[in-house]
Asks: 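My structure is below; once you've seen it, I'll send some questions.
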Amino acid sequence: MKAIVIEQPGGPEVLQLQERPQPEPAEQEVLIQVKAAGVNRPDIAQRKGHYPPPAGTIQDIPGLEVAGIVAKIGTRVTRWNIGDRVCALVAGGGYAGYCAAPEGQCLPIPANLDFSEAASLPETFFTVWSNVFDRGRLQSGESLLVHGGSSGIGVAAIQMAKAWGATVYSTAGSAEKCNFCELLGASRAINYKTEKFRDVMLQVTEGRGVDVILDMIGGDYTSGNLDILAEEGRLVLINVMRGDEVSMKLSQIMRKRLTITGSTLRARDSAFKATVAANLEKYVWPWLTSGIIKPVIYKTFPLAEAAAAHRLMESSEHIGKIVLLT
Ligand SMILES: NC(=O)c1ccc[n+]([C@@H]2O[C@H](COP(=O)([O-])OP(=O)(O)OC[C@H]3O[C@@H](n4cnc5c(N)ncnc54)[C@H](OP(=O)(O)O)[C@@H]3O)[C@@H](O)[C@H]2O)c1
């Protein structure tokens with residue numbers, strides 16, 4: 001099969017198209033003939049050598065999500081049959097013609113979505129579900145601030161939280177991105193390059209603050225995040241793009257009874273991921289089927305042009321998802 005291989009840690013040019021043997025599915029895995037594979041910011045960190053795949057995962061083929069057709073099934077697979085249209089969360093190996101995935105991490109592709117749309121879902125939807133709804137415990141009627149609202153994660157979080165019945169706010173780095181976040185359902189998107197999110201959020205919530213913040217930025221955002229959390233508020237971290245070490249007023253945590261939490265998805269085991277998949281299928285898939293929430297694809301590239309896809313992602317020009325087509 002054709003696969004994009006990280007030849008050595010480095011820039012986008014280290015992504016090379018090569019011939020690789022097709023993987024064999026384990027007992028509880030399916031082999032997917034990949035039609036489309038989503039690109040995610042963690043793939044960039046992996047390419048640079050900063051985000052090694054867990055042991056037992058293909059080490060040098062990136063790709064955390066795929067959509068395609070089941071081509072083979074392991075001996076203990078019960079749900080899927082050859083020919084089924086599925087999308088799947090994988091721990092690596094997605095930028096390839098074929099990819100093996102645990103059966104519990106596969107979801108049916110809604111009939112109204114094509115392969116590229118379906119491939120754009122798993123990594124961001126699993127991450128948003130497990131952080132905003134599980135760890136962050138967002139309730140209908142509460143409010144959520146999504147930093148990086150135009151990211152792949154952000155466009156999923158805004159739509160899912162809005163569909164859940166929450167009031168959603170976001171930050172993003174341009175007027176165009178902010179407009180898009182508001183079209184998706186944010187009540188107010190804040191251009192962090194021209195406005196201070198802390199001041200705007202205190203103003204729009206009349207000093208009350210927000211219930212949950214989904215933060216991929218960290219660093220100097222942290223003290224502002226604590227300032228704008230409401231009583232019993234939850235700060236959920238999924239990355240620290242502006243820095244890992246922060247200064248903050250710990251007394252705010254006591255005074256407002258705050259929770260600071262976070263997680264990384266890739267290292268979690270298959271049982272955890274299967275539970276998230278089941279929740280997505282139950283609560284979120286009906287919203288996709290009915291069109292209440294929609295995949296947001298910014299651009300697709302042929303698999304062979306994975307380096308160009310990474311350059312685009314690193315430019316941060318995109319809104320929503322970038323997808324590779326095999
Ligand atoms: N913990 C987990 O399990 C998990 C899983 C998946 C993804 N993530 C993280 O979630 C984040 C979003 O992922 P994604 O795939 O949706 O990424 P993405 O589409 O590339 O979006 C990232 C966005 O973040 C904004 N940004 C703000 N500060 C930045 C900085 N210092 N460097 C780069 N970008 C910056 C940029 O938009 P602006 O124009 O608004 O600045 C950029 O478009 C990433 O940090 C990723 O590592 C975490």
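The figures that follow rest on heavy atoms only: side chains count, while hydrogens, waters and symmetry mates do not. If you're wondering where the values come from, they're calculated on a predicted model, not measured in any experiment. In each ligand, atom 1 is the first atom listed, and ligand 1 is the first ligand listed.
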Asks: Salt-bridge test for D227 and K196: reply yes if a basic N is under 4.0 Å from a carboxylate O, no otherwise.
Replies: no

Asks: Step through the shown structure and confirm whether more than 12 heavy atoms of other residues, nucleotides or ligands are within 6.0 Å of CD on E13.
Replies: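 Counting neighbours around CD of E13, more than 12 heavy atoms of other residues, nucleotides or ligands fall under 6.0 Å, so yes.
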
Asks: Indicate yes or no: does K294 engage E117 in a salt bridge with an N to O separation below 4.0 Å.
Replies: no

Asks: Distance under 4.0 Å, heavy atoms only, partner ligand 1: which residues pass?
Replies: N40, R41, P42, E123, T127, S151, G152, I153, A172, G173, K177, Y192, M216, I217, I238, N239, M241, S263, T264, L265, M313, S316, H318

Asks: Kindly assign one of parallel, tilted or perpendicular to the pair F197 and Y221, based on the angle between their ring planes and the thresholds 30° and 60°.
Replies: tilted

Asks: Determine, for E182 against R188, whether the closest basic-nitrogen to carboxylate-oxygen distance falls under 4.0 angstrom.
Replies: no

Asks: Are K299 and E317 close enough for a salt bridge, meaning some N to O gap below 4.0 Å?
Replies: no

